[in-house]
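For the single chain, residues carry numbers from 1 onward in sequence order. Owing to the predicted nature of the structure, the values given are computational and were not obtained by experimental measurement.
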Amino acid sequence: MSIWECIELLNEFVDESDPDLDEPQIEHLLQTAEAIRKDYPEEDWLHLTGLIHDLGKVLLHPSFGQLPQWAVVALHKHGAYQYLMNEEDKENLKWLHVFNKYDLYSKSKVRIDVEKVKPYYLSLIEKLNLGGLSLRQDDTATSFTQPPRPTTASEDEHLVSKIHAILDAVADRAEMHAIIGAQRNDWNHLFTNSINAISLTASLMAGISSIPVGEAAPHMLAFKLSSVILFTAATGMMLITSKIQPSQLAEEQRNATRLWEQLGRSIETTLALRAPTQRDVDEAMEKVLALDKAYPLPLLPGMLEKFPEIVEPTRWWPKIQPKQSPQAGGNGWSHELEGEMRGILRVLKAKDEQQYTTLGKLLLNMNKTLAISGPLLAGLAAISSGLIGSPALGPMPAFLGVIGGVLATAVHTLEHGGQVGMVFELFRNCAGYYRRLQEEIASNLGETDVQKRENGELFEMKVALQLGRSLSDLKGLASYASPLCEDEDIKEFAGKLF
């Protein structure tokens with residue numbers, strides 16, 4: 001769609017935010033341009049500025065996504081954008097003040113003869129090299145002589161329907177994971193308390209059954225058999241809980257809930273800012289599938305391995321592609337920013353991810369020891385209880401039964417009451433958090449065409465927020481990008497959140 005076609009498109013609606021005009025927007029554009037042309041006849045670039053200054057309002061039109069009013073016509077306080085200005089902007093500010101006199105509160109009911117002035121403005125568009133510029137429905141400019149086929153209203157509605165279907169599924173997944181997470185957290189408490197009560201009761205019965213009370217003691221046999229049965233039950237329950245690790249299951253579901261809710265908010269933000277594209281739909285589907293794979297809902301089959309051979313960061317995201325935000329110039333990127341990102345990338349890999357992977361290995365080995373020791377001690381106590389009263393063994397079976405039961409209770413409490421599996425899962429998730437950030441940085445740095453990268457200044461701010469650092473703090477990590485710097489020389493961590 002050409003520049004003039006977009007101007008004519010503005011005839012179809014009135015800007016609700018305009019305080020002093022009830023006429024179509026094209027009238028305001030032409031009134032502004034003609035008034036400037038009258039007072040500044042030599043400044044033809046300023047005439048064209050008056051003509052196109054509200055052209056962005058085509059985003060209110062259904063053909064361009066029908067964005068909400070607040071997203072297109074932003075309100076701000078006086079001087080709110082001054083921090084973005086450079087010296088050239090400040091020098092040109094005088095022309096903005098000139099322009100404002102013809103734009104703000106200067107509208108008129110006097111109609112402009114469009115056909116009469118149209119040839120002049122078409123010539124300006126050609127003269128100032130805007131003749132080959134066209135606008136397309138994904139809100140970006142292109143210099144193609146033949147613009148892409150406009151998206152029809154039915155296609156827009158179809159994409160919106162798709163993204164809403166994905167959003168509904170995401171909300172449903174978040175709710176299901178939250179419910180299952182609460183259930184598995186209850187499992188952990190119930191199993192821990194029940195197994196401990198059973199083990200201690202069995203230990204008490206084993207002790208009572210070993211007390212000599214004379215020749216005829218049938219009630220002692222009942223205590224002995226009861227302790228054997230309870231110890232056997234405790235052993236079986238410990239084996240099950242050591243296998244499934246309820247506290248770790250609960251942590252998996254808590255993190256899954258957080259990530260599903262995060263994905264839902266991301267999709268809602270996209271819908272609030274603009275009409276969705278096919279790429280938005282495809283990316284959302286990829287993220288849904290990646291999360292489903294990372295955090296399966298069923299307990300069996302499909303449960304994540306609780307004692308992996310190799311400790312790796314949790315992965316819940318698909319392959320990362322740079323979020324393109326092309327603009328004139330370097331797209332916010334500079335050699336200094338690239339060096340800063342390379343330094344951050346190196347610190348993340350050498351320190352942050354490595355720290356949580358190492359801690360995860362330590363916790364995994366500790367949990368393996370506890371998972372084996374608890375059932376082993378309970379099983380030993382069960383066998384010993386069955387041998388209580390044997391003349392050849394004397395008091396040793398009773399001693400082993402009582403002590404084994406108490407130790408099994410202590411080990412089980414440390415493992416599941418201390419939620420060692422949950423802490424291991426937390427460490428894996430933290431390592432995954434930093435691995436994902438590394439891939440985001442590497443993806444942008446790996447794109448040689450800076451125009452295809454995410455805007456550098458925006459990306460730097462996002463990285464700073466994810467690391468819990470200020471922008472000035474972030475710049476201090478640039479020195480670690482030097483090949484002269486060894487990994488052993490890195491003394492700080494990139495992240496300060498956890």
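- Separation of atoms CD (E268) and NE2 (H164) is listed at 9.0 Å; rounding is to 0.5 Å.
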Passes side chain to side chain contact (heavy atoms under 4.5 Å, CB included), R346 versus L477? Steps please. CA-CA 9 Å; R346 187 173 182 188; L477 300 175; over 6 Å; no
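- Residues K306 and L249 have side chains in contact (heavy-atom distance under 4.5 Å, counting atoms from C-beta outward).
- A donor-acceptor pair is defined here as one N or O able to donate and one able to accept, closer than 3.5 Å; such a pair exists between the side chain of H53 and the backbone of G50.
- Of the inter-residue distances, the one linking T192 atom OG1 with L414 atom CG reads 11.0 Å to the nearest 0.5 angstrom.
- Side-chain atoms of D54 do not come within 3.5 Å of backbone N or O of L29 as any donor-acceptor pair.
- At most 12 non-hydrogen atoms from other residues, nucleotides or ligands lie less than 6.0 angstrom from NZ of K293.
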When you look at R435 and E312, which way does the side chain to side chain contact (heavy atoms under 4.5 Å, CB included) test go after all the steps? CA-CA 10 Å; R435 172 70 66 84; E312 289 284 347; 3.8 Å; yes
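- Contact record, C6 with L55: CB-CD1, 3.9 Å, taken as the closest heavy-atom pair.
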Show the numbers, then the answer: is there a side chain to side chain contact (heavy atoms under 4.5 Å, CB included) between D39 and V98? CA-CA 11 Å; D39 294 343; V98 169; over 6 Å; no
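- In this structure, a donor-acceptor pair under 3.5 Å is present between the side chains of E34 and Y121.
- Scanning both residues, F493 and V347, for their nearest heavy atoms gives C-CG1, 4.0 Å.
- Annotation: M176, atom CE; neighbour count of heavy atoms from other residues, nucleotides and ligands within 6.0 Å is above 12.
- Taking CG of L297 as the reference point, atom CD of Q253 lies at 6.5 Å (rounded to 0.5 Å).
- Of all heavy-atom pairs spanning A33 and L51, the tightest one is CB-N, 3.7 Å.
- Under the 3.5 Å distance criterion, the side-chain polar atoms of S123 are matched with a main-chain donor or acceptor of Y120.
- Using a 3.5 Å distance cut-off with no hydrogens or angles, the side chains of W4 and E8 do pair a donor with an acceptor.
- Panel note: side chain D352, backbone Y434; no donor-acceptor pair is recorded below 3.5 Å.
- No side-chain heavy atom of L263 sits under 4.5 Å from any side-chain heavy atom of R173.
- Remark: the E353 side chain and the T357 side chain contain no N/O donor-acceptor pair separated by less than 3.5 Å.
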Using the side chain to side chain contact (heavy atoms under 4.5 Å, CB included) rule, take M366 and L362 through it: C-alpha gap first, then chi angles, then the decisive distance, then the call. CA-CA 6 Å; M366 177 181 174; L362 179 65; 5.9 Å; no
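- Remark: side-chain polar atoms of D280 are paired, donor with acceptor, to backbone N or O of T277 under 3.5 angstrom.
- Remark: K118 NZ is packed, more than 12 non-hydrogen atoms of other residues, nucleotides or ligands lying under 6.0 Å away.
- Taking CZ of R279 as the start and CG of L159 as the end, the distance is 14.5 Å to the nearest 0.5 Å.
- A donor and an acceptor atom, one from each side chain of N367 and Q245, are located under 3.5 Å apart.
- Checking side-chain atoms of N429 against main-chain N and O of E425 turns up a donor-acceptor pair under 3.5 Å.
- Between K287 and V170, the closest side-chain pair of non-hydrogen atoms is not below 4.5 Å.
- Side chains of E252 and L304 form a contact here, defined as non-hydrogen atoms less than 4.5 Å apart.
- Nearest approach of K491 to K351, heavy atoms of both residues: C-CE, 4.4 Å.
- Rounding to the nearest 0.5 angstrom, the gap separating the NZ atom in K368 from the CG atom in L370 is 13.0 Å.
- Looking at R428 and P308, their side chains come closer than 4.5 Å, going by heavy atoms from C-beta outward.
- Comment: E492 engages R469 in a salt bridge, judged by a side-chain N to carboxylate O separation of less than 4.0 angstrom.
- Between L167 and L271 the shortest side-chain heavy-atom distance falls below 4.5 Å.
- Of the possible polar contacts, one joining the T269 side chain to the R265 backbone as a donor-acceptor pair under 3.5 Å is found.
- In this structure, W95 and W45 have perpendicular ring planes: the angle between them is above 60°, well past the 30° mark.
- Salt-bridge annotation for R254 and E251: present, with a side-chain N of the basic residue lying under 4.0 Å from a carboxylate O of the acidic one.
- The side-chain heavy atoms of R184 and I244, taken from C-beta on, include no pair separated by under 4.5 Å.
- Nearest heavy-atom pair, D489 versus Y480, reported as atom, atom and distance to 0.1 Å: O-CE2, 4.3 Å.
- Proximity of the aromatic rings of Y433 and F498 is defined here by a centroid distance below 6.0 angstrom, and this criterion is met.
- You'll find the ring centres of F191 and H416 outside the 6.0 Å limit.
- Counting heavy atoms of neighbouring residues, nucleotides and ligands inside a 6.0 Å radius, atom CD of E309 does not exceed 12 of them.
- At a threshold of 4.5 Å between non-hydrogen side-chain atoms, the residues V450 and R453 count as touching.
- Under a 3.5 Å cut-off, the side chain of D449 and the backbone N or O of Q451 do form a donor-acceptor pair.
- When all heavy atoms of H47 and P41 are compared, the pair lying nearest together is CE1-O, 3.4 Å.
- Here the CG atom belonging to L474 is positioned 5.5 Å from the CE atom belonging to M341, to the nearest 0.5 angstrom.
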